[in-house]
Amino acid sequence: MSSSVTRAAGNEPPQSADGPPAEAAVPTATGSAGAPAPVQRKGSWLLRAVLAALSGGLLYLSFPPRPLWWLAPLALALLAGCLYGRRARAGFGLGTLAGLGFLLPLLVWTGEEVGPVPWLALGTLEALLIGLTGLGIALVSRLPAWPLFAAAVWVAGEALRARAPFGGFPWGKLAFGQADGVFTPLAALGGTPLLSFGVALCGFGLYEALRIARSHPGRTTAALTALTIAAPIGAGLAARPLVSDAAEDGTVVAAVIQGNVPRLGLDFNSQRRAVLDNHAKRTVQLAEDVRAGRVPKPDFVVWPENSSDLDPYAEPDAHAVIDQAVKAIGVPVAIGAVVAPETGPLRNTMILWDPVKGPTTTYDKRKIQPFGERIPMRSFVRLFSSDVDRVRRDFGPGKDPGVFDMAGSGVGMVTCFEAAFDDAVRSTVQDGAQVIAVPSNNATFGRTQMTYQQLAMDRIRAVEHSRTVLVPVTSGVSAVIRPDGRIVSETKMFTADALVAEIPLRSSRTPATVVGPLPEYALLLLAAGGLGRLLTGRIRARRAA
């Protein structure tokens, strides 16, 4: 389908004898090889624009809570049909339309309580970065073996979105929509960059195989191009032995608490004591269930992020409520608290609370969410939304990974938003985490798809580092995820509950944990090499002219 649309739109550049676009197809000021630039019909541009936006919509549908991971390669094949052989400006425009079709519905939850302006601003900004990705894909589509370069350019675009602006926003990585897919084991081999690369390569290879098969049926090139589809699928299947949930260091019984919040929305913050009481009450109830023999006694317990928005170091009442709950259960508990020093920024802190010693080790969240926990350019942003003043005092970032010794088990803390960042999770495992905990708070996002999107990230992290992931959430979907990415226990939204499960402890490291960012760097070099080759060819053509 995509190939016929592309040909009808005049979208195929001149071909060399072996199939890929000829070097002369690199555009000059007057078009290919010095000829006048072809006149594009308005209907053709409109059709490509609609198809680009549709490709973004299909990519959105591939993400949770829908188990339609296989739509992602199809979406990218459709996008490739729009971008193949286009000029840079067209690639940017079409890529931006695809980004809008993808990210606006994906991120609609960001405007749940603050209106459409922040949602539209974030979605548009991120879509423009996908527009730059589309520009790069359009350019490298002129190279032989272009699906390889195009998939690398896609990863480069995700790397850019994970770092800029304001520290980055990695939400919407291809990898995060693949928790149920055949490509998932690639995460254990090379992390989320390799997983995204495999999905993108499959999609772009699918378009190229269809294009060549239609143009040159029976050609050997078509069969070779099909390898770009088979290779990532085969690699995913070959990497499956890396995915294991066997207990290497024995097992422990872990519990996660979901205390729930009094009401939805931003105003839950005004009920801080009620939120704390809810989590303490549910922990005491768990202790009663243990004494009655209804559930096994946990070795440790994890509360969500912001389960105590009252600073237990400064508020005696909050300290007493937490201490009573921890003593009732009689095991170490990780408490999510807001710590308010007399000077300086606030701290989003996880506190290891011992039933005998009280509060001991702490971990300060390192990845602070812009426009949520801190407000960059506050006076400027206030022009568009007065809700920025709900954040009266910015949070500051911590510096070091946090691995708590909980009853002899190394439990690594990755707080909420941090699960989207490769380095935040990996550094925790490198620091000795045998289990990963992702305490989160999504009460401000109501019953949106946000909690499911985040849960899918956590599943990918479980496979990437071969660790059990515990997800205690204030009001969304709390879960226990095995190292192979399976959810073995989960709660309902906005329901007080406690999950108790026996989980494996693991200390071995996957290849992804060992090599860290190297696969991403290699793919960035591949993308740069393809773009550099085009630039070199253009310089030579101008010198010859």
Side-chain angles (χ1 to χ4, degrees), residues 3 6-7 9-40 44-45 48 52 76 79-96 128-160 197 200-201 203-205 207-209 211-212 215-216 219-222 224-225 227-228 231 519-545:
S3 109
T6 304
R7 289 166 60 82
N11 199 22
E12 288 200 28
Q15 301 292 307
S16 62
D18 60 352
E23 189 71 28
V26 177
T28 64
T30 56
S32 297
V39 177
Q40 300 296 328
S44 299
W45 164 252
R48 284 192 298 273
L76 292 180
L79 179 60
C82 300
L83 296 176
Y84 181 79
R86 307 311 309 163
R87 292 185 175 182
R89 182 171 57 184
F92 176 76
L94 293 169
T96 300
L128 290 172
L129 296 180
I130 291 183
L132 292 177
T133 304
L135 182 156
I137 292 172
L139 292 178
V140 299
S141 69
R142 305 174 185 280
L143 295 173
W146 69 267
L148 282 169
F149 294 105
V153 169
W154 184 275
V155 173
E158 289 190 342
L160 175 62
F197 177 77
L201 179 60
F204 296 141
Y207 168 75
E208 180 67 354
R211 188 189 68 80
I212 292 181
S215 302
H216 308 288
R219 291 285 296 270
T220 304
T221 309
L224 294 175
T225 302
L227 289 176
T228 60
E520 183 178 57
Y521 294 162
L523 293 170
L524 293 178
L525 287 175
L526 179 61
L531 294 170
R533 178 177 175 181
L534 286 169
L535 179 61
T536 301
R538 179 171 294 187
I539 292 173
R540 288 176 178 173
R542 288 181 176 177
R543 286 179 177 175

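Note that this is a predicted model, so its numbers are computed, not measured.
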From CD (E520) to CG (L523), nearest 0.5 Å:
8.0 Å
How close do W146 and Y84 get, counting heavy atoms only, and between which atoms?
NE1-CE1, 3.4 Å
Applying side-chain contact (heavy atoms from CB on, under 4.5 Å), can you list everything that pairs with A522, at least two apart in sequence or on another chain?
none
Among all residues two or more places apart in sequence or in another chain, which pass the side-chain contact (heavy atoms from CB on, under 4.5 Å) test with L132?
F92, L129, L160
Report yes if some heavy atom in the side chain of L94 is under 4.5 Å from a heavy atom in the side chain of W45; otherwise report no.
yes
Which atom pair, heavy atoms only, marks the closest approach of R142 to R86?
NH2-O, 3.0 Å
Residues forming a side-chain hydrogen bond (donor to acceptor under 3.5 Å, both in side chains) with E158, sequence neighbours excluded:
W154, S196
Residues in side-chain contact (heavy atoms from CB on, under 4.5 Å) with L201, at least two apart?
P147, L148, A151, F197, T228, P232
Which atoms form the tightest heavy-atom contact between Y207 and G81, and what is the distance?
CE1-CA, 3.4 Å
Applying side-chain contact (heavy atoms from CB on, under 4.5 Å), can you list everything that pairs with L525, at least two apart in sequence or on another chain?
none
Main-chain N/O of G85 paired to S141 side chain as donor or acceptor, under 3.5 Å
yes
In short, A200 meets L76 closest at the heavy-atom pair CA-CD1, 3.5 Å
Closest approach of L531 and V140, non-hydrogen atoms and distance?
CD2-CG1, 3.6 Å
